[in-house]
Protein chains: 4
Amino acid sequence: MKQTKPKYRQIIDAAVEVIAENGYHSSQVSKIAKRAGVADGTIYLYFKNKEDILVSLFQEKMGVFIERIESATTSRQTPSEKLRVLVETHFEQLSEDHHLAVVTQLELRQSNKMLRMKINSVLKKYLDVIDEIVEEGIREEVFRDNINRKLVRQLIFGTIDEVVTNWVMKEERYDITKQAKEVHEMIVEGLLRRP
Amino acid sequence: MKQTKPKYRQIIDAAVEVIAENGYHSSQVSKIAKRAGVADGTIYLYFKNKEDILVSLFQEKMGVFIERIESATTSRQTPSEKLRVLVETHFEQLSEDHHLAVVTQLELRQSNKMLRMKINSVLKKYLDVIDEIVEEGIREEVFRDNINRKLVRQLIFGTIDEVVTNWVMKEERYDITKQAKEVHEMIVEGLLRRP
Amino acid sequence: MKQTKPKYRQIIDAAVEVIAENGYHSSQVSKIAKRAGVADGTIYLYFKNKEDILVSLFQEKMGVFIERIESATTSRQTPSEKLRVLVETHFEQLSEDHHLAVVTQLELRQSNKMLRMKINSVLKKYLDVIDEIVEEGIREEVFRDNINRKLVRQLIFGTIDEVVTNWVMKEERYDITKQAKEVHEMIVEGLLRRP
Amino acid sequence: MKQTKPKYRQIIDAAVEVIAENGYHSSQVSKIAKRAGVADGTIYLYFKNKEDILVSLFQEKMGVFIERIESATTSRQTPSEKLRVLVETHFEQLSEDHHLAVVTQLELRQSNKMLRMKINSVLKKYLDVIDEIVEEGIREEVFRDNINRKLVRQLIFGTIDEVVTNWVMKEERYDITKQAKEVHEMIVEGLLRRP
DNA sequence: CATGAATGAGCATTCATTCAT
DNA sequence: AATGAATGAATGCTCATTCAT
């Protein structure tokens, strides 16, 4: 069956697979091309260079990833509920895409400083979502107002990231989505304003 | 002045410097050898291969790092105090050794999966320290007993790591030791048992 | 304004420009096609391959070049006058077409042996013109009869070519047409039969 | 028999052979290394990059080439004799080293502008030798004093170069050293001061 | 113990040419 | 006739590791 997906997406999907399976350093352009079913040279019609594949990959995948989290946290929810949904959706998405989980948690981190800067700018949008929920929680007097917003964001993201990384390194042998509730409670526990 | 440090340590110190200054991927064995003041071949009398330099580096440096944290958390302290001291000592040590901070937070993460597994086994000891403090807190009924110990450890380590990484990526432009108190409070707030 | 020149000529003119501006090795077929305002594939409807563009270019341009020299050396002139006109016309034509000068003197020489052999067969006609003038000079007893005709031709062509190349390499910073008279005198001086 | 020549010279000699036999564009570094009996990487211990091999090759070979011409034109000779010896020595040397002749007359000319600039600066010394002989001839009132020194140099070098190139392109099917006398006479004929 | 010259596997990228439309 | 997306062969250079001295 001939691939009919636009080549750009075809290549990105191939890259995720190849990197997840072979690791970042064993993922030659030619291997990605082969998996995508295109010639080596075709890669360069759609991407500036190898690094551009990785940046684009991250942008595409994280774009969808973050959008889903944004649309899952609707206006009717309380800030705490939003955080719960954020954790849940984060875990679910990685749970459903094994390759993506490996790539984002392990492989893409071994890229050079330049690439990681670009990756961070993509992550910025995710951090903004967290910031907004936290801000809302404080405004609505659900969260304590004596917290350092930036540190709280780092706690939330750092915790989620560490939990996911541990899960991936344990070769995803347990169901991470079942931890969402606990992780959420643990995080919120420290944020709630006491009467 | 001729170097009199044993060559093993000489090479490890050179590696930290070279990696911090040039980045992981620009740190060739020959560059490390030159900085250490030995011949390229000499490296291989003390280390199995390049990866072994990095693993040893991490073991040596983290060994001291963790020992200091262990000895700073004495038996007279409460679990919460111990956590505070842990955060403080963590921040202080990286604050005092710029090279080490860059290497552990940024450069060593670009290593391959294999190397990072070995690094994780070194980190295990640190995580054990955290686990013990948490366990003690629960036992002494200071921390809630309905928490998931493993997740709490991931929250503590994930948060500290994220805070430090942010600081290093911001080129250490602020004094991270001043954040120790807040980070500690933020973490403990979620752990404390309520009356 | 739409190009109305036949595509064949359009492409050759584009090639001269592109090669003169970018150098031989940076003159990709796609760049020539773009300059000519045609698609890459169209090139191959008019030329067998890239080398064929260059050979055709040289044939076309040198065809005109040599024709002009032939028609400038009329039957009424003495052999020495003909040589003077030959040098003059040679210099003038390259002087008037900067791109052509760069391409013939510098860029086309970086082509491979095969291409240069073909170029030489184009030059053959020019060398014939020289031969004929020399022959006439000897026949008319203006030039010495103890000269080696082939060597004299090599002296004439070698000198003219070297003078032009020096001029192009000096970025044409002086008026080469002003040297025609001197070059001619210098050449003829060695040819003239002494009383 | 193990090669004992210093590797630097070994590689240069291999390069001359390989380029003469395969042409400039088919002379991969790996091919040169193989011929020199060293590993590819070894090349880069002695040369900065591929271009550096070619520049060094030209410098080394032309260095000797020019030195021989210089020492053959001794102080006891007249300017005209010096020119004769120059032509003779030029022809003889290329006659004795087929590979070198092919490389200097054909292959090295297809290099890029950068390389040719460097080659020209090596040639400068040769042109200086010519200039000096011409100058001496004029000073001693053997050559006419109304000649343009620069143009004369271009005539001498252009002629010699053209004669040699024709010989090489004719696959050296005749003995070029036998032409030295004639070429010399032809050149000097135009230079001599008439009584 | 120490040296450092030598090794050689490994890979991103370019670009002339083709061919389905 | 014209297009231009797709092809895939081809190569200079780096650097971890070895080993003769």
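Protein chains get the first letters and strands the later ones, always in sequence-line order, with residue 1 at the start of each. Just so it is clear, the values below take in all heavy atoms, side chains as well, and ignore hydrogens, waters and symmetry mates.
- Comparing dA16(F), dA16(E), dA2(E) by their closest approach to the side chain of Q28(B) singles out dA16(F).
- Nucleic acid contact for V29(A): base, since at least one base atom lies under 4.0 Å from a heavy atom of the residue.
- The distance between atom CG of D40(D) and atom P of dA9(E), rounded to the nearest whole Å, is 9 Å.
- Comparing dT13(E), dA6(F), dG8(F) by their closest approach to the side chain of A39(A) singles out dG8(F).
- Side-chain contact check for E60(D) versus R9(D): some heavy-atom pair is nearer than 4.5 Å.
- Projected onto DNA chain F by closest heavy-atom contact, L45(C) and N49(D) fall at different nucleotides, the more 5' of which corresponds to L45(C).
- Within the 4.0 Å cut-off from OP1 or OP2 of dA6(E), at least one side-chain nitrogen or oxygen of K7(D) is found.
- Atom CD1 in I53(D) sits roughly 9 Å away from atom P in dG12(F) (whole-Å rounding).
- Between S26(C) and S27(A), the residue whose closest nucleotide on DNA chain E is further toward the 5' end is S27(A).
- In this entry the distance linking NE2 of H25(D) with P of dA16(E) reads 12 Å, nearest Å.
- Counting non-hydrogen atoms under 4.0 angstrom, Y46(D) reaches the backbone sugars and phosphates but no base.
- The nucleotide dT21(E) finds its pairing partner in dA2(F), both defining distances of the Watson-Crick or G-U wobble pair being shorter than 3.5 Å.
- Distance NZ (K34(B)) to C1' (dA16(F)): 17 Å, rounded to an integer number of Å.
- Side chains of N22(C) and Q28(C): no donor on one and acceptor on the other come within 3.5 Å.
- Ring geometry for F47(C) against Y8(C) counts as parallel: the plane angle stays under 30°, on a 0 to 90° scale with 60° as the upper cut.
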Verdict with reasoning, L57(C) to V103(C), per side-chain contact (heavy atoms from CB on, under 4.5 Å): CA-CA 10 Å; L57(C) 175 166; V103(C) 170; 4.2 Å; yes
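- Atom CG in L115(B) sits about 15 Å away from atom C1' in dA16(F), given to the nearest Å.
- Residue T42(D) has a polar side-chain atom (N or O) positioned under 4.0 Å from OP1 or OP2 of dT7(E).
- Mapped onto DNA chain F by nearest heavy atom, K48(D) and V38(A) fall at different nucleotides, with V38(A) at the one closer to the 5' end.
- Salt-bridge check for D40(A) with K31(A): failed, with every basic side-chain N at 4.0 Å or more from each acidic carboxylate O.
- Whole-Å rounding puts the Y24(C) OH to dA16(E) P distance at 9 Å.
- Atom pair I32(B):CD1 and dT17(F):P shows a separation of 11 Å (rounding to whole Å applied).
- Between the CD1 atom of I43(A) and the P atom of dG8(F) there is a distance of 13 Å, given to the nearest Å.
- Candidate nucleotides dT14(E), dT7(E), dT18(E) were compared by shortest atom distance to the side chain of Y44(C), and dT18(E) ranks first.
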